[in-house]
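Since the model is a prediction, treat every value here as computed from it, not as a measurement. Order of appearance sets the numbers: ligands from 1, and atoms from 1 within every ligand.
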Amino acid sequence: MTKSQVSAQAEPMPLIMRWQRLLQFGDLFSNRDHTKDFDGSRASQIHHRVQALAAIYMLVALGWMILDYISMPLAQFQAMVPARSFMAAGFMGLVFWQGRSSSLLMARIRLALLVLIPSAFYVYSAQLLEQSQQIYQYYPLITAVQLAVFPLTLIEGMVLALPVFFSVLLASQMSGYQIPQELMMTLILLVALTLWAQMSQLFMLVSLYRQATRDPLTGLFNRRALFERLQTEVLRADRYLRSVTVLLLDLDRFKRVNDQYGHLVGDKVLQSFAVAAQKAVRNVDLVGRYGGEEFLVILPETDAKHALDVAERIRESCEALLVTTDDGEEVRFTTSIGLAQWQGPEDLAELVERADNALYRAKTAGRNRVEVA
Ligand SMILES: Nc1nc2c(ncn2[C@@H]2O[C@H](COP(=O)(O)OP(=O)(O)OP(=O)(O)O)[C@@H](O)[C@H]2O)c(=O)[nH]1
C-alpha cells in the first residue's frame with residue numbers, strides 16, 4: 001500500500017454523512033448490504049409475526065365455515081368445506097413449523113406461504129362461487145394488506161405482491177367473471193401503501209439495529225455486539241472443531257495525540273484506524289471497538305499462526321497511516337496487539353483477558369508490536 005493511498009484513506013467521511021449513507025435507499029431496496037446478524041434478527045421477527053397472523057387466520061378460516069353454512073346453498077357449502085379445511089391446515093402448519101427462525105430464506109418461504117395459501121383458496125372459491133359471494137372479492141385485498149406488518153425490502157414486497165395480482169387474474173380467467181375496475185385500482189393502491197409501510201418498518205429496524213450494535217464514532221460493532229458475535233463463533237468452533245482467534249488492539253500513546261492535537265483529531269485518528277483495520281481483514285472477520293482507543297478483532301476459522309500474519313498486516317497498515325489536521329500537520333500513530341486463540345473450555349472473558357495480557361506484554365516490550373498469548 002502506498003503512502004498516498006493510505007493518506008487518502010486517512011480522511012474519513014464525516015460521521016453524519018456516513019450515517020446518512022448507511023441509511024440510504026439501498027438498504028430499503030434489497031438486503032444486499034445488510035449484515036448477517038441483521039438478516040437473522042429480521043428473519044426471527046418475520047417468523048414470529050407469521051406465526052401470530054397464521055394463528056388468527058386459522059381460527060377465522062374455521063369460524064367462517066359457520067357463516068358459509070348460513071349464507072350458502074348446501075351444495076356450495078359442502079364444496080367449500082374441504083377448501084377451507086385445507087386452508088386452515090396450511091395456516092396451522094405455519095403456526096407450528098419451527099424450522100430455523102433466524103434464517104432469512106426460511107422467513108421468506110413462510111411469507112410466501114402466507115400469501116400463496118389464501119391466494120389459492122381465493123382462486124378456488126371464485127371459480128366455485130362466481131359473483132354470488134361479494135365478500136370473497138376482498139380476499140386479495142386482505143392478502144396484500146396483511147404484509148404491511150412485516151419489515152420488508154422493496155424487492156421482497158413486490159415479489160410477494162405478485163401472486164396476489166396473479167390470483168385475481170387467474171380467478172377472473174377461470175370463472176369468466178369480469179373483475180370490477182375499482183377493485184383492481186383499490187388493490188394497486190393498497191399494494192403501493194403496503195410497500196411503503198413495509199419499507200418504513202424496515203427503515204426503523206435498520207436504524208434501531210445500528211444504534212444498538214454500532215459504535216457511533218467509527219461505525220464499527222460495539223462491545224455488546226462483539227461479544228454476541230464472539231459467542232456464536234466459539235460455539236461454532238467447538239462444534240466443528242475449528243479455531244477462532246481474537247486480537248486486542250490498543251493505539252500507542254494515544255493520550256499524547258489528544259493532548260497535542262485535540263480531541264477532534266483524536267477522533268479522526270480512531271476513525272482512520274477503524275477503516276484501515278477493516279481493510280486489512282477478510283469479509284468474514286469482525287472488527288469492533290472494544291472501548292476508548294481499544295479495538296477487538298474476531299478471526300473465525302483462524303489459528304494463532306495465521307492470525308499472527310493478520311495482526312502484523314494491521315500493525316503495518318496502522319504504522320503507514322497518516323492523518324492530516326486542519327492546520328496541515330501530519331499525525332502518525334502505531335498500535336500494539338495482543339493475540340489469543342480460543343481454547344475451550346474457557347469463558348469469553350478469559351479469552352479476552354489472555355489477549356489483554358499479551359497486549360500488556362506488547363506495550364511493555366516497546367509498543368508497535370504483536371504478542372501471542
Ligand atoms: N479523541 C478521543 N480520545 C479518546 C476516546 N476514547 C478514549 N480516548 C482517550 O484515549 C486515551 C487513552 O490513554 P491511555 O489509556 O493513557 O493510553 P495511551 O496514551 O494510549 O498509552 P498506551 O496505551 O500505554 O500506549 C485517553 O486520553 C482517552 O481520553 C475517544 O472516543 N476519542
Side-chain angles (χ1 to χ4, degrees), residues 6-7 9-22 210-227 230 246-280 286-298 307-308 310-340 349 351-373:
V6 171
S7 174
Q9 285 170 16
E11 294 296 332
M13 200 186 304
L15 181 64
I16 187 73
M17 278 173 66
R18 264 183 308 120
W19 278 85
Q20 277 167 353
R21 211 173 72 163
L22 284 172
R210 288 212 163 110
Q211 276 173 32
T213 59
R214 301 291 175 131
D215 161 50
L217 180 72
T218 58
L220 295 178
F221 277 102
N222 61 22
R223 185 195 281 237
R224 200 186 114 222
L226 273 172
F227 269 95
L230 187 55
V246 297
L247 310 177
L248 192 62
L249 308 93
D250 186 288
L251 297 191
D252 296 327
R253 306 213 191 281
F254 188 63
K255 192 172 177 315
R256 280 192 201 166
V257 175
N258 274 334
D259 292 347
Q260 198 171 341
Y261 303 99
H263 223 74
L264 286 181
V265 174
D267 285 354
K268 209 167 163 185
V269 165
L270 291 170
Q271 289 174 330
S272 314
F273 178 72
V275 174
Q278 272 187 309
K279 290 207 168 184
L286 199 103
V287 182
R289 189 166 177 206
Y290 194 65
E293 83 293 17
E294 273 192 318
F295 295 81
L296 187 83
V297 179
I298 304 172
L308 192 57
V310 181
E312 274 299 332
R313 210 161 56 228
I314 298 176
R315 191 195 60 75
E316 280 166 20
S317 57
C318 176
E319 201 176 32
L321 272 175
L322 188 65
V323 167
T324 317
T325 67
D326 290 344
D327 301 335
E329 281 185 277
E330 292 179 346
V331 184
R332 292 179 181 281
F333 50 96
T334 57
T335 182
S336 300
I337 305 177
L339 180 160
L351 172 70
V352 177
E353 194 181 324
R354 285 196 294 115
D356 199 22
N357 291 338
L359 172 64
Y360 179 74
R361 275 193 280 120
K363 290 276 183 188
T364 49
R367 296 180 173 81
N368 191 21
R369 54 191 292 142
V370 184
E371 286 290 332
V372 182

Note, F227 side chain near V352 side chain (heavy atom, < 4.5 Å): yes
Contact (N/O only, under 3.5 Å) between K363 and ligand 1: yes
Check: L270 N/O within less than 3.5 Å of ligand 1 N/O: no
Residue-ligand contact R289/ligand 1, heavy atom below 4.0 Å: yes
Candidate with minimal heavy-atom separation from atom 21 (O) of ligand 1, of E294, R253, R256, Q271: R253
Straight-line distance of R332 CZ to L321 CG, nearest 0.5 Å: 9.0 Å
R369 CZ to D252 CG distance, which is reported to the nearest 0.5 Å: 11.0 Å
Using atom types as modelled and distance alone, determine if a side-chain donor or acceptor of [X] lies under 3.5 Å from a backbone N or O of [Y].
{"X": "S336", "Y": "N368", "value": "yes"}
{"X": "R361", "Y": "V372", "value": "yes"}
{"X": "T335", "Y": "D250", "value": "yes"}

Output side-chain donor-acceptor pairs under 3.5 Å for residues 290-298, partner residues at least two apart or in another chain, one line each.
none

When you look for heavy atoms under 4.0 Å from ligand 1, do you find them on the side chain of [X], its backbone, both, or neither?
{"X": "L251", "answer": "backbone"}
{"X": "N258", "answer": "side chain"}
{"X": "D259", "answer": "neither"}

Which residue and atom name correspond to the protein heavy atom nearest [atom], and how close is it?
{"atom": "atom 32 (N) of ligand 1", "result": "D267 OD1, 2.7 Å"}
{"atom": "atom 20 (O) of ligand 1", "result": "F254 N, 2.7 Å"}
{"atom": "atom 6 (N) of ligand 1", "result": "G292 CA, 3.2 Å"}
{"atom": "atom 15 (O) of ligand 1", "result": "E293 OE2, 3.6 Å"}
{"atom": "atom 27 (O) of ligand 1", "result": "K255 CG, 3.5 Å"}

Any idea which atoms of ligand 1 are less than 4.0 Å away from a heavy-atom of [X]?
{"X": "G266", "answer": "1 (N)"}
{"X": "R367", "answer": "22 (P), 24 (O), 25 (O)"}
{"X": "D250", "answer": "23 (O)"}

Trace of the side chain to side chain contact (heavy atoms under 4.5 Å, CB included) decision for K255 with N258: CA-CA 5 Å; K255 192 172 177 315; N258 274 334; 5.6 Å; no
Derivation of the side chain to side chain contact (heavy atoms under 4.5 Å, CB included) call for L230 and L351: CA-CA 10 Å; L230 187 55; L351 172 70; 4.2 Å; yes
Geometric cation-pi criterion R214 and F221, 6.0 Å radius, 45° cone: yes
